[in-house]
Amino acid sequence: MVEETTKPVMKKGVSSMGKPQPIDTISLAPEMRLSTGLAEFDRTLGGGVVPGSLVLIGGDPGIGKSTLILQALEGLARTGCRSLYLSGEESSQQIKLRAERLSVRSDNLYVITGTCIDEVFERLEPLKPDLVAVDSIQAMYTDNLASAPGSVGQVREVAAKLMTLAKKSGMPIFLIGHVTKEGAIAGPKVLEHLVDTVLYFEGDRGHVLRILRSVKNRYGPTNEIGVFEMKDSGLSEVDNPSRIFLEERPQDVPGSVVIPCLEGTRPVLVEIQALVGPSPLGMPRRTAVGVDHNRISLLVAVLGKRIGMELGDQDIFVNVAGGLKVDEPAADLGIVSSMMSSFLDRSVDRNVVLFGEVGLAGEIRGVSQPELRIREAKKLGFSRCILSRSNLEGLGHLGDMELQGVKTVQELYDSLFR
Ligand code: TYD
Ligand code: MG
């Protein structure tokens, strides 16, 4: 249960209602996007920052959100955009220290600290920034409500005020939000419906890789990702993520296969690892990291029923190396192959990639964009690709890549292990 304070709102209603007009007569203003200087960030946004947009960047505490936004603001400041970084969490000295570490230097980038959003609005008047970043939305409060900063009511109210400001002034605003587990502090989820764009900054704190993913975007495709590496001197862009994801791949080890999956518009090769072994427990374990747990149970059932490979009494661990999350059905073929490979203790040819969806009848179904996936695999030196027969039939000639279409799980088994 979350307590919310309400108040009578909108005394002077600003009418934003327009006249109904035929869709053909609406004119499109030429789109003008601002560049952050970070190509990965721009792509995730759908090609840059749209004026007047409200962008929410969510992520676990300590993942690097403040670092990312500071670097992006510097990039924007460099293009002549007067940027304001509003921090409710750190002192100006702390921000300066981080800026030193990142070698961020610009006389177009302003810093202000404080937590009362109404006061901040007053400061905005004389400065007239072109762009504002609020770090974090949970630290801000408005005097209109009595509840504590970070409560659902406060977070919504502050965000709504910023939304009005963005739409009225045409100034893009970035909001940073911590993902929280407890209910006391409202996480970015309560704002998703309100803002134009929602980006999540993900990654494992133990790993250097960070992934910026768009989960909602009114100005571009969703599921687009940008990949960064956290270094001593800040975040650096990774323009070829496949290479990073495959860097530490063990060669010729049972249970390891590579799949080309699609993240937004971009193909990325990732390694799927499985470990299958007899379970000492009455109820064998099924552990999945980076793939859907239920998908594994489903695929195990298909293997048992369609090719007689009984994994019911085995512990099964499946992991996507590098910390990426794969939720495409196209990964099915990879998961199935890695489980078979580990169970049989026979490795899959290291030059093979595979993709396709597995149905309950054991059939292999086609997936979208096969050509894009195959080209990416080719770029990274793979020479053989196993895909669904229906995908294969729609493909033209693709150079010296050996393509093999399979129709059932049995055919897949035959082509990998016979
Ligand atoms: P930060 O941006 O403060 O995280 P958030 O705002 O999401 O809470 O960054 C936190 C971590 O990043 C911190 O543990 C240290 C690390 N870091 C680096 O490794 N290199 C750097 O250059 C910076 C600035 C931070
Ligand atoms: Mg921070």
Side-chain angles (χ1 to χ4, degrees), residues 36-38 40-41 44-45 54-78 83-106 109-115 117 120 131-141 149-150 154-155 158-159 162 173-182 184-192 195 197-215 225-238 244 322-323 325:
T36 61
L38 296 167
E40 296 286 307
F41 197 166
T44 316
L45 286 169
L54 192 60
V55 179
L56 174 67
I57 304 176
D60 290 330
I63 205 74
K65 300 180 295 299
S66 304
T67 310
L68 177 71
I69 202 70
L70 203 58
Q71 286 182 245
L73 287 184
E74 190 209 20
L76 285 156
R78 220 180 295 128
S83 316
L84 177 68
Y85 178 69
L86 161 61
S87 177
E89 301 190 334
E90 291 166 311
S91 65
S92 343
Q93 278 78 18
Q94 279 173 305
I95 297 165
K96 178 66 183 169
L97 273 178
R98 179 182 291 120
E100 285 287 305
R101 191 166 167 188
L102 304 172
S103 333
V104 163
R105 228 163 253 129
S106 170
L109 173 54
Y110 292 78
V111 173
I112 179 173
T113 57
T115 53
I117 200 76
V120 171
L131 185 137
V132 177
V134 181
D135 187 2
S136 68
I137 186 78
Q138 281 123 334
M140 299 294 153
Y141 73 94
Q154 284 286 7
V155 164
V158 172
L162 289 164
I173 298 183
F174 287 101
L175 304 178
I176 289 183
H178 297 291
V179 174
T180 50
K181 294 200 174 65
E182 321 85 61
I185 303 206
K189 282 275 173 214
V190 301
L191 296 179
E192 279 188 0
V195 301
T197 303
V198 179
L199 310 178
Y200 276 98
F201 204 37
E202 312 167 335
D204 195 31
R205 238 178 297 172
H207 274 111
V208 290
L209 277 186
R210 298 281 183 275
I211 294 161
L212 186 68
R213 181 190 299 274
S214 72
V215 296
I225 62 166
V227 184
F228 297 87
E229 216 176 324
M230 182 61 100
K231 297 200 173 138
D232 283 343
S233 55
L235 291 159
S236 74
E237 301 179 74
V238 174
I244 300 268
K325 284 195 188 66

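What you see below is based on every heavy atom in this structure, not just the backbone, and it leaves out hydrogens, waters and symmetry mates. In each ligand, atom 1 is the first atom listed, and ligand 1 is the first ligand listed. Everything quoted here is computed from the prediction, not taken from an experiment.
A 4.5 Å side-chain heavy-atom check between Leu235 and Glu40 finds every atom pair outside the cut-off. Using a 4.5 Å heavy-atom threshold, the side chains of Val120 and Val132 count as separate. For the pair Asp135 and Lys65, the minimum side-chain heavy-atom distance is 4.5 Å or more. Between Glu90 and Thr113 the shortest side-chain heavy-atom distance does not fall below 4.5 Å. The closest side-chain heavy-atom distance from Arg105 to Glu100 is below 4.5 Å. Counting heavy atoms from C-beta on, the side chains of Glu89 and Gln94 never come closer than 4.5 Å. Considering only heavy atoms from C-beta on, Val155 comes within 4.5 Å of Gln138 through its side chain.
The shortest contact between atom 4 (O) of ligand 1 and any protein heavy atom is with Gly64 N, 3.1 Å. The nearest heavy-atom contact from the protein to atom 3 (O) of ligand 1 is Arg98 NH2, 2.7 Å. Protein heavy atom in closest approach to atom 6 (O) of ligand 1: Ser66 OG, 2.6 Å. Counting protein heavy atoms only, atom 13 (C) of ligand 1 is closest to Gly62 O, 4.5 Å. For atom 23 (C) of ligand 1, the closest heavy atom belonging to the protein is Arg101 CZ, 3.7 Å. For atom 20 (N) of ligand 1, the nearest non-hydrogen atom of the protein is Lys231 O, 2.7 Å.
The distance criterion of under 3.5 Å between nitrogen or oxygen atoms is not met by Pro61 with respect to ligand 1. The N/O atoms of Glu90, backbone and side chain alike, include none that comes under 3.5 Å of an N/O atom in ligand 1. Polar contact check, Asp232 against ligand 1: a nitrogen or oxygen pair lies under 3.5 Å apart.
Taking 4.0 Å as the cut-off, Gly234 counts as a neighbour of ligand 1 on heavy-atom distance.
Taking CD1 of Ile57 as the reference point, atom OH of Tyr200 lies at 11.5 Å (rounded to 0.5 Å).
With a heavy-atom cut-off of 4.0 Å, Met230 touches ligand 1 through its side chain alone. Only side-chain heavy atoms of Leu102 come within less than 4.0 Å of ligand 1; its backbone N, CA, C and O stay farther off.
Using cut-offs of 30° and 60° for the angle between ring planes, the Phe41 and Phe174 rings count as tilted.
Protein heavy atoms all stay at least 4.0 Å away from atom 15 (C) of ligand 1.
Here Ser66 meets the criterion, with an N, O or S atom under 2.8 Å of the Mg ion (ligand 2).
Panel note: side chain Arg210, backbone Ile63; a donor-acceptor pair is recorded below 3.5 Å.
Selection from Ile69, Thr67, Asp60 by nearest heavy atom to atom 24 (C) of ligand 1 gives Thr67.
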